[in-house]
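Just below is one structure, and these are the notes that go with it.
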Amino acid sequence: MKTIIRTIDQNNIEKAAIQEAGRILQEGGLVAFPTETVYGLGADALNEEAAVKTYEAKGRPSDNPLIVHIAEFSALPKIVEEIPPLAEALAEHFWPGPLTMIFKKRAVVPYGTTGGLDTVAVRMPENLIARELILAAGGYISAPSANVSGRPSPTTAEHVYTDLNGRISMILDGGSVEIGLESTILDMTVTPPMILRPGAITREMLATVLPYVAVDPSIHGEDRDTAPKAPGMKYRHYAPKAELIIVDGPAKLAVKAIRQIAYEHVSKGEVPGIIGTTETVGRYTHGIIKSIGTRNSEKSIARNLYAILRAFDEEGVSVIYSESFAAEGMGDAIMNRLEKAAGHHRVSAEEIVRMQKYHQIMFLSESDTSRGPMAAEILRNQTLNREYDIISRGLIVLFPEPVNQKAEAIMASHKLSMASYQSKMFDPDEIEADTLVLAMNMSQKQKVMSECGIEENIYTLSEFVQEEEQIGHPIGQPLSEYGKCFETIERLIKKLTQKLNEL
Ligand code: TXA
Ligand code: MG
């Protein structure tokens with residue numbers, strides 16, 4: 001089958017394309033179309049054979065019911081037995097929009113559409129292309145997400161094309177969707193109404209209309225023995241090709257943990273994937289790193305989630321580590337999808353971070369223009385078994401200065417360079433419980449200890465590697481003295497490397 005693609009502008013909908021798509025649906029064919037949540041794979045909801053085709057195209061188990069999409073509230077009574085007053089109130093508030101409600105079905109709705117159930121899920125989308133299409137198709141379109149079963153839901157027409165090209169008649173390309181996660185599903189056949197799938201209409205929002213909202217306990221994998229009430233929620237949906245692991249904990253700790261694990265993979269010659277945020281991506285150095293959005297906007301994270309999982313499939317990584325997000329408001333839906341994609345595989349950032357004593361190594365010198373940056377750069381070039389954030393700071397830095405020219409010349413002769421470095425002033429706030437401070441001499445160490453009250457994990461470099469030799473200050477001396485200084489530091493750093501690798 002050749003799949004036709006029609007580009008449609010939501011603000012200027014071309015009627016002819018909608019009519020053409022509507023005709024295909026009325027004749028029992030399949031058309032993928034945008035909704036505000038994800039792209040749907042449309043079929044005539046009242047036509048049993050069309051439902052069969054939908055399952056075939058998606059490769060979806062036929063016990064997994066489809067959602068019926070309507071464009072007007074007046075279309076509802078024809079397909080459902082009764083409309084509870086609360087459902088009417090909810091429709092008033094949230095339709096059109098990303099809310100699906102489950103009702104007792106009428107006989108006109110074939111069991112093919114409802115996966116053999118006596119209930120039917122109904123939603124009124126807000127997207128204008130979707131609404132026009134529903135009307136053109138006769139008022140009722142069944143539409144699961146337009147992906148091959150088990151793949152992340154499509155948020156662009158390209159995603160649909162990748163999954164379903166050749167298997168469906170048409171794709172209406174209305175650009176990227178707005179929300180990016182499937183609708184909230186609310187079962188109205190039980191009292192109180194129960195959320196079967198979290199989405200953009202959050203529990204808090206529903207609670208403004210409903211006196212009480214229940215939540216299917218299987219949603220967050222709390223009750224793994226009970227099957228979810230929405231049949232589709234039991235499948236390992238949204239599964240990326242790679243193993244996905246969620247790293248639990250506050251962002252700062254998660255970054256440390258992921259850096260630590262990523263480094264281990266890279267040392268073994270493996271390339272891990274990392275899902276970070278605008279705020280954290282700059283903190284990662286190893287692996288294939290992608291930003292899912294900003295922590296300031298859950299919406300941005302929801303919108304990018306599926307696209308990022310698909311993008312990792314293209315990268316061919318075998319494992320992906322993701323930061324986790326607060327499961328509040330829309331974060332609930334984000335974490336639900338992420339957990340499903342991960343098959344509920346979560347690890348604790350804190351436990352991982354605890355396994356490594358130091359994460360940051362700070363070299364402390366006077367001006368941070370020669371010995372400190374030299375030591376830092378030499379250490380960065382050693383083979384370390386673990387990853388460290390290696391920095392250098394000076395006790396007297398009035399303004400940022402480049403590295404001393406002689407120091408740089410010596411570094412260059414050893415194929416190292418700190419040419420773009422600018423000296424930085426020591427700030428006690430940068431020292432954390434897992435920072436190792438290594439001063440060039442005893443007086444720097446003592447100054448920091450007495451003035452900043454720092455007592456632990458602070459040594460002179462020589463002391464830490466159990467040597468007597470002090471590192472002299474070559475400033476104002478000939479190049480050869482810088483050379484000697486380099487050699488001393490290099491020797492000590494090699495011992496340091498050994499010591500760190502034995503920790
Ligand atoms: O946002 C959405 O809802 C998208 C767009 C296209 O509208 N559609 C969507 O459909 O996500 P789908 O098929 O991927 O997911 C439908 C979910 C499945 O988990 C299914 O088991 C559940 O709805 N469902 C459908 N009818 C149901 C019913 N009668 N009782 C319980 N769960 C039902
Ligand atoms: Mg789906």
Side-chain angles (χ1 to χ4, degrees), residues 10-11 13 33-38 40 42 45-46 65-106 108-109 113-114 117-143 145 177-216 219 229-230 298-299 302 328-333 336:
Q10 204 183 158
N11 303 311
I13 296 176
F33 63 99
T35 81
E36 67 277 22
T37 58
V38 298
L46 307 184
L66 309 175
I67 295 174
V68 177
H69 295 65
I70 57 174
E72 294 159 340
F73 189 78
S74 59
L76 190 59
K78 183 177 155 187
I79 55 170
V80 309
E81 280 290 341
E82 55 173 329
I83 303 171
L86 282 176
E88 221 171 308
L90 286 166
E92 182 93 12
H93 266 82
F94 301 114
W95 276 4
L99 175 67
T100 296
M101 287 191 270
I102 294 174
F103 302 93
K104 291 208 180 76
K105 82 171 189 72
R106 278 195 196 273
V108 283
V109 185
T113 298
T114 67
L117 298 177
D118 288 316
T119 53
V120 59
V122 186
R123 150 162 139 80
M124 190 194 291
E126 186 168 25
N127 181 289
L128 293 176
I129 300 168
R131 297 164 66 77
E132 292 279 338
L133 183 65
I134 294 165
L135 295 175
Y140 303 91
I141 296 184
S142 60
S145 48
V177 301
E178 247 170 67
I179 297 173
L181 297 180
E182 307 84 344
S183 61
T184 305
I185 302 180
L186 188 65
D187 188 351
M188 298 307 294
T189 68
V190 294
T191 313
M194 182 186 269
I195 297 176
L196 306 189
R197 178 173 77 181
I201 305 292
T202 63
R203 186 183 184 173
E204 294 81 356
M205 289 159 80
L206 293 170
T208 63
V209 179
L210 299 175
Y212 190 78
V213 197
V215 180
D216 182 349
I219 283 180
K229 306 225 167 19
E298 285 176 333
K299 284 186 179 163
E328 288 154 25
M330 190 149 180
D332 194 23
N336 168 259

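Worth knowing before you read on, the calculation uses all heavy atoms, side chains too, and leaves out hydrogens, waters and symmetry mates. This one's a predicted model, so the numbers in the text were calculated from it and none came from an experiment.
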Q: Tell me, with the steps shown, if L46 and I79 meet side chain to side chain contact (heavy atoms under 4.5 Å, CB included).
A: CA-CA 9 Å; L46 307 184; I79 55 170; 4.1 Å; yes
(Q) Rounded to the nearest 0.5 Å, what separates atom CG in L210 from atom CZ in R203? (A) 11.0 Å
(Q) So if I apply the side chain to side chain contact (heavy atoms under 4.5 Å, CB included) rule between L196 and each of L186, V215, I185, which one comes out positive? (A) I185
Q: Return the minimal non-hydrogen interatomic distance between P98 and A200, and the atom names on each side.
A: CG-CB, 3.9 Å
Q: Give the minimum heavy-atom separation between V209 and A89, together with the two atoms involved.
A: CG1-CB, 3.8 Å
Q: Locate the shortest heavy-atom distance separating P192 from Y212; write the atom from each residue and the value.
A: CG-CD2, 3.4 Å
Q: State, to 0.1 Å, how close T113 and S142 come at their nearest heavy-atom pair, and which atoms those are.
A: CG2-CB, 4.1 Å
Q. Are I70 and W95 close enough that some pair of their side-chain heavy atoms sits under 4.5 Å apart?
A. yes
Donor-acceptor contacts, no H, no angles, side chain residues 117-135, under 3.5 Å, sequence neighbours left out:
residue, atom, partner, partner atom, Å
D118, OD1, Y111, OH, 2.5
R123, NH1, E36, OE2, 3.1
R123, NH1, G97, O, 2.9
R123, NH2, T35, OG1, 2.9
R123, NH2, T37, OG1, 3.1
N127, OD1, I129, N, 2.8
N127, OD1, A130, N, 3.1
R131, NH1, P125, O, 3.0
R131, NH2, A71, O, 3.3

Q: Mind listing the closest non-hydrogen atom pair of K78 and Y140 along with its distance?
A: CB-OH, 3.4 Å
Q.
With rounding to the nearest 0.5 angstrom, report the CE to NE2 distance, M205 to H93.
A. 9.5 Å
Q: Might you point out which heavy atoms bring F73 and E88 nearest each other, and give the distance in Å?
A: CZ-CG, 3.6 Å
Would you mind writing out the side-chain donor-acceptor pairs for residues 99-106 within the sub-3.5 Å range, not counting sequence neighbours?
residue, atom, partner, partner atom, Å
T100, OG1, S183, OG, 2.7
K105, NZ, V109, O, 2.7
R106, NE, P77, O, 2.8
R106, NE, V80, O, 3.1

Q) Tell me, do T202 and D332 make a side-chain contact under 4.5 Å, heavy atoms counted? A) no
Q) Quick one: does M330's side chain get under 4.5 Å of L181's, heavy atoms only? A) yes
Q) Considering residues, nucleotides and ligands other than E178, do more than 12 of their heavy atoms fall under 6.0 Å from its CD? A) no
Q. Looking at side-chain heavy atoms only, is the closest gap between L66 and T114 below 4.5 Å?
A. no
**Q.** Close side-chain approach of I141 and F33, heavy atoms under 4.5 Å
**A.** yes
